[in-house]
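Please read the structure below before turning to the comments.
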Number of protein chains: 2
Amino acid sequence: MAATPKLTKETCNGALAAIRDTLYVLSGKWKILLIVSLREGPMRFNELQRGLVDITPKVLSKELREMEMNEFVVRKVFNTVPVTVTYELTPYAATVFPIIDSLREWGVQHRERIIEHIKQDNKEAVEQ
Amino acid sequence: MAATPKLTKETCNGALAAIRDTLYVLSGKWKILLIVSLREGPMRFNELQRGLVDITPKVLSKELREMEMNEFVVRKVFNTVPVTVTYELTPYAATVFPIIDSLREWGVQHRERIIEHIKQDNKEAVEQ
DNA sequence: CTGCATCCTATAGGATACTG
DNA sequence: CAGTATCCTATAGGATGCAG
C-alpha cells in the first residue's frame, strides 16, 4: 500500500459509495435548505414553512421526520396552550456545515461567472 | 455594513439562493458521480457506463449533454473506425472538487459512525 | 461503439381540506 | 399552532429496441 493513495478503481469505487451515502442522507429538495434555516437557531414549524416559501406542511413534516431519524434535528415540545414545538439542529448536523458552505460558496462564484458571460455576450453583440 | 456579516434574513436568503443554484447545476442522480469517474482521466461512453453500473445509455447521454452545456465536460470525437468519443473534465469542473471532496469525506465518517452504532447496539443487546 | 426513439412507471412532491 | 389525510401529477429515470 503506497503512502500516497493512487486513484485506483478501488479508491474510486470507495469514493463513489461514500458520496452516494451522503447524497442519500441529504436527499430531497429541502433538507439542506432546512439545515441552513435552522442554523439561525431553533425554529417552530410555521416559521420554517414561511422561511422556505413553497414547502407544504406534508412535505415539511416528512423531511423533518427523516432528519430526526438521521439525528440532524431534535423536536422539542413545550406544554403551552396551544402546544409549542421547536426544531433545532444537533451537533451532528454541524458536521455537514462544510458541505453546505462549499455548496454556497460555489453557487456565489457560479452566479458571478454567469453574469460575466452575459456581459461578455452583450458586448460582442454590440461590436458586430 | 459590518465587517463580520451577521446572519440576517438577507444573508440567509442569499445563502439559500446560492445553494439552490448549485444543487440545480449538479441535479440528477449521476452528475456528481460522473465527475468523480472522470477525475481519473478522459473516458469513453461505454467506459463511463460500465463504471456507473446501473446507468442506461439514454440517461448517460442526457447527463453528459447537460454537463457539456454547463462547461463541465468536453466531448471529443476521433475519426477512427468505428468512431471514438471521449469525455473529459474542463478546468471549470475542477471548481466543484471541493464540494465533492466534502461529500466524500462526510460519507466516510458517516459510515464509520453507523458501524459504531451497530456495534454499540449489539453490545447492549448482549448485556441485557 | 455511440448513442437516439419509444414506451413505461415509480415516486417525489404539490394542492387542498381537515383535526386535536 | 402543528401537523394528517387524500388526492393528484409532473418528471426523473429505467427497459428495450434500433440506427449510423
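Quick note on labels: first sequence line is chain A, next is B, and so on, each numbered from 1.
Here dG3(D) presents its C1' atom at 10 Å from CD of Gln49(A), a figure rounded to the nearest Å. Counting to the nearest Å, the P atom of dG13(C) and the CG atom of Leu33(A) are 11 Å from each other.
The side chain of Thr56(A) places no N or O atom within less than 4.0 Å of a non-bridging phosphate oxygen (OP1 or OP2) of dG13(C). Contact annotation: Arg75(B) side-chain N/O to dG3(C) OP1/OP2 distance is under 4.0 Å. The phosphate of dG3(C) has neither OP1 nor OP2 within less than 4.0 Å of any side-chain N or O from Arg65(B). Between Lys58(A) and dT16(C) there is no side-chain N or O to OP1 or OP2 distance below 4.0 Å. Applying the 4.0 Å criterion to OP1 and OP2 of dC1(D), one finds that Arg44(A) has every side-chain N and O outside that range. The shortest distance between the side-chain N/O atoms of Ser61(A) and the OP1/OP2 oxygens of dG3(D) is not below 4.0 Å.
The listed nucleotides are dG3(C), dG14(C), dG3(D); the one nearest the side chain of Pro57(B) is dG3(C). With dC1(D), dG3(C), dG13(C) as the candidates, the nucleotide lying closest to the side chain of Asn46(A) is dC1(D).
Proximity of Arg113(B) to Glu71(A): side-chain heavy atoms (C-beta onward) are separated by under 4.5 Å at one or more points.
Using a 4.0 Å heavy-atom distance criterion, Tyr87(B) is classed as a sugar-phosphate-only contact.
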